[in-house]
Structure formats: C-alpha cells, structure tokens
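Naming: A, B, ... by sequence-line order, numbering from 1 per chain.
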2 protein chains.
Amino acid sequence: MSDMTTRDHIIEAADQLFYRQGFEHTSFSNIADAVQISRGNFYHHFKSKDEILDAVINVRLANTQMMLDKWEVEGKMPEDRIRSFINILIANKATIKQYGCPVGTLCTELAKLNHSAQPEANSLFTLFRTWLRRQFTLLGRESVADELAMHLLARSQGVATLANAFHDEKFIKHEVQQMNDWLSSCVKGTE
Amino acid sequence: MSDMTTRDHIIEAADQLFYRQGFEHTSFSNIADAVQISRGNFYHHFKSKDEILDAVINVRLANTQMMLDKWEVEGKMPEDRIRSFINILIANKATIKQYGCPVGTLCTELAKLNHSAQPEANSLFTLFRTWLRRQFTLLGRESVADELAMHLLARSQGVATLANAFHDEKFIKHEVQQMNDWLSSCVKGTE
DNA sequence: GACAACCTAGGACGACCATCCTAATATTCG
DNA sequence: CGAATATTAGGATGGTCGTCCTAGGTTGTC
C-alpha cells in the first residue's frame, strides 16, 4: 500500500471522484484535496486532465480483466461464471444505488461531452461483452451468444440506472433474481 | 409557432442542448447562440440556470403526460398501450443511438451533480412508472403491476444506454422484439 | 560532498462560466 | 402623442477552470 507512487494515488482518487461526481464535474482541486498534494504538481505526472482519464480507464480495464479471469477460474461451469457477473449488482448494490454503474455512467457522460476517450471507455463494455459471449458459447448457444451477452449487459445497465434514480436496493435484488431465473431457463433450453 | 414567446424559445433550445450535451456542459452562451439572443438577456426570463432546468423538466413532464394520455385514448387494450411505450425505442432509435434516453441520461447526470432538481427529474420516471403500473393492473396483474412496470422501464433504460455506447440501432430493434414477446407471455399468463 | 535528476508547492495565466448592471429600444395603453 | 412598462443588448464582475512556470526541496549516484 505504501509503495504506491503519487501517480497511483492520483489515479485512485480520480477514479473515485469521476465515479461519484462525474468526469467534468471533478476538478483538479477536488483531486488535489483528496490526494493532499499541490494543484500545480499534477503536470509532472500527467500532461492533461484527459490523460488522467485515460489512466483511470486503463486501471479499470486491468481490474475488470482480473475480475473476469478470477471468475473464469472460480466458476467451473459457464453458468456459474455468468452468475458471478449477475452478482456484481448485489455485491455493489449500495454504491450502485448512490452512484449508478461506473461503466455505464462514464460512457453516458463521455458521449454527451463528445469526448475523445469514448472508445476507451466503451471498451470496458466490450470486455464484459466478449467475456459473456464466450460463456454463452460454452453453454452451447454459439449462434446467439452475442445477443444473449448484450441482453444481459442491457438488463444490468437498466437495473443500475433505475436503482440509482429511485434509490432502491430492493429493486436490484428483485431484478437479479429474475435475471438468475432467466439464465436458468437459458441453460435448460439447451439440455 | 411564431406566437411562441422568447421564454418558450429559450426552453426549447435548452431542452435540446441539455439532451445532446448534458446540463452542466451546456452554457448560457450555447443557448444564446441557439436562440439568437443576447447572453445577459436571460435573466429577464429566468433567475438562474437551475430555473431554466426546472422549466425544461416541467415542459418534458407536460409533454410526457400528453403522450401517455394519447396512448390511453388510442390503445383500446392495455396491452396495446404498453406496446406504445415499448415502441418509443423504435420511434426514437436514431436520437437514442446518438444521445441516449432523455430521461435516463438527465437523471444520471443530476445524481452525479447532486443537483437539487433530482426529484423533479426522477418524477419523469415516475410518470411512466405509474402509467405502466396502471396498464398492468388493467391487465389483471395488480399484485405485481409495479414490479412489471419497473422491469419494463429498466429494460428500456438498458437498451438505450447500450445502444448509445455501441452506436447500434439494430440492437434496439432486436431487444424491442424480445420485449414485445415478453409482454405477450405476460398477457397469455392471465388468460 | 557535489551534482544531476526527480519531485513538489504555489502562484500566474488566459479562458470561460453564471450572474448582474445599465442603458437603449419596443411595446402597451391612458 | 406620451408615459409607463416590458424587453433587449452588451459589457462588467468575481469566481473557477485547466494549464503553465518557476523556485525550492528531496533523492540518488559517483
């Protein structure tokens, strides 16, 4: 923990603030306060605010990949692995209620800003998409694997958006149960 | 059209810009350019930027209510009315692809900004929610009407978010078809 | 111990923001 | 017509933003 460089601290703080307040609404002063360093000091580590965003997205990509790899090892059956994905809604229900989905809200914001980092942010979605697609393929649903992956992603997004708007955790639980039921029926259809 | 007051023009331009660029990212200069009036002139019509947002939300609420009322008249069966709701994804697929859902993206942004107009924006969701709930009640699903309404709202939101991120209209069509199938199975279950 | 490389602090900068002010112009109405 | 009112334009204000600059401090290396 203590061997983290100042750069890492900046990225970590920016990550949190971008998630909670949004990218545009987060200023260098906000990050500086969080990291407890001087404002003008940033430009020794990053050339611009956009470069911090790039770094944040790259960290998120790496963490997401690690998480997917872990699920791949932990879950013996593809069905179990997909349930790991569905379960992040439960595991993060408190923060989702407060701030929405970190991926979805970032992509939504960058789309409005017409920001150049849109493709990088969207690749976070793609990471989940291709991973889920592979699981559905392993499940014997190759011909519709991508549709099923997108369907699941969309439902997660919708749940996160509404849970955030209505500040409702119980809704998450209810929808997750339905998603699990849906997955069961997906599996059953192939046996 | 020409009997629209300057105030109405401001609201209309702000509505579009808030949708396309986001609330925070839209400045008075942007709106002034769109309406072709002077910047300092705003404060004769509105006390603040937040007051413009309020006006925009109120217009959206009124328009939404009119739309719901129209669907209520046009659709004889509750099932047809719910299909009208599902169909807005198709009707607006081009703009959704570009800018996402006007309701969802606004609520998401205001949540990040911790803005005081959050409840007003969320009431746009509530308008759809209570209307859908009533339709499902009329469909004989009173005990789970609210769950079904929220489920449908969530799926629409998810579709809009992903269609926006991936710039994919075909995905909208595909998901809408599934939502229609889902609705059919909902109806069949009660007959 | 000296020198170079890295790191930091904090102020200066120009741009833009929401907001306010004032003076000029339209419009309304006695 | 003329006075009161409504509307407009455009500049001023103070604040914040991202960015840059410079001078002082720390660290590592020979």
Side-chain angles (χ1 to χ4, degrees), chain A residues 1-58 106 109-110 112-118 120-121, chain B residues 1-58 106 109-110 112-118 120-121:
Chain A
M1 190 66 73
S2 59
D3 63 343
M4 267 179 71
T5 64
T6 304
R7 193 175 194 277
D8 295 332
H9 280 121
I10 292 174
I11 295 174
E12 193 183 40
D15 190 357
Q16 283 292 314
L17 287 167
F18 290 171
Y19 177 36
R20 297 184 182 177
Q21 314 185 350
F23 169 70
E24 195 179 25
H25 191 55
T26 299
S27 70
F28 277 86
S29 302
N30 295 144
I31 307 175
D33 290 350
V35 189
Q36 302 245 50
I37 61 165
S38 168
R39 215 172 49 267
N41 190 4
F42 280 97
Y43 288 79
H44 188 261
H45 301 280
F46 300 95
K47 276 207 273 284
S48 68
K49 193 183 176 187
D50 289 350
E51 208 168 88
I52 300 184
L53 176 60
D54 268 356
V56 166
I57 293 175
N58 283 330
L106 180 64
E109 181 180 3
L110 296 186
K112 299 260 185 231
L113 303 184
N114 202 20
H115 196 282
S116 60
Q118 274 182 81
E120 283 98 321
Chain B
M1 188 69 71
S2 59
D3 63 342
M4 267 179 71
T5 64
T6 304
R7 194 176 193 277
D8 294 331
H9 280 121
I10 292 174
I11 295 174
E12 194 183 38
D15 191 356
Q16 283 293 314
L17 287 167
F18 289 171
Y19 177 36
R20 296 182 182 176
Q21 314 187 350
F23 169 69
E24 194 179 26
H25 192 55
T26 299
S27 70
F28 277 86
S29 302
N30 294 145
I31 307 174
D33 289 349
V35 189
Q36 302 244 50
I37 62 165
S38 168
R39 216 172 49 266
N41 190 4
F42 280 96
Y43 289 80
H44 188 261
H45 301 280
F46 300 95
K47 277 207 274 282
S48 68
K49 194 182 175 187
D50 289 350
E51 208 167 88
I52 300 184
L53 177 61
D54 269 356
V56 166
I57 293 176
N58 283 330
L106 180 64
E109 180 179 4
L110 295 186
K112 298 261 185 230
L113 303 183
N114 202 19
H115 196 281
S116 61
Q118 275 182 80
E120 283 98 321

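dA9(D) atom P lies 15 Å from atom CD1 of Ile31(B), rounded to whole Å. Atom NE2 in His45(B) sits about 8 Å away from atom C1' in dT8(D), given to the nearest Å. Atom CD1 in Ile37(B) sits roughly 18 Å away from atom P in dA6(D) (whole-Å rounding). Nucleotide dT7(D) holds its P atom 5 Å from the NE2 atom of His44(B), rounded to whole Å.
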Find every protein N or O atom lying less than 3.5 Å from an N or O atom of nucleotides 11-17 of chain D, and list the pairs.
residue	atom	partner	partner atom	Å
dC17(D)	OP1	Ser27(A)	OG	3.4

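Of the possible polar contacts, none joining the Glu51(A) side chain to the Ser48(A) backbone as a donor-acceptor pair under 3.5 Å is found. Using modelled atom types, no side-chain atom of Glu120(A) and backbone atom of Ile57(A) make a donor-acceptor pair closer than 3.5 Å. A distance-only check finds no donor-acceptor pair linking the side chain of Asp33(A) to the backbone of Asn30(A) [under 3.5 Å].
A side-chain N or O of His115(B) and one of Asp50(B) form a donor-acceptor pair less than 3.5 Å apart.
Heavy atoms only, all atoms of each residue included: Glu109(B) and Phe23(B) are closest at OE1-N, 2.9 Å. Between Thr26(B) and Leu17(B) the shortest heavy-atom distance is OG1-O, 3.3 Å.
With sequence neighbours left out, Asp15(A) forms a salt bridge (Lys or Arg N to Asp or Glu O under 4.0 Å) with Arg60(A).
Extent of DNA chain C lying under 4.0 Å from chain B heavy atoms, first and last nucleotide in 5' to 3' order, is dC17(C) to dC21(C).
Atoms CZ and OH, on Phe28(A) and Tyr43(A) in that order, are 3.5 Å from each other to the nearest 0.5 Å.
OP1 or OP2 of dT19(D) sits under 4.0 Å from a side-chain N or O of Tyr43(A).
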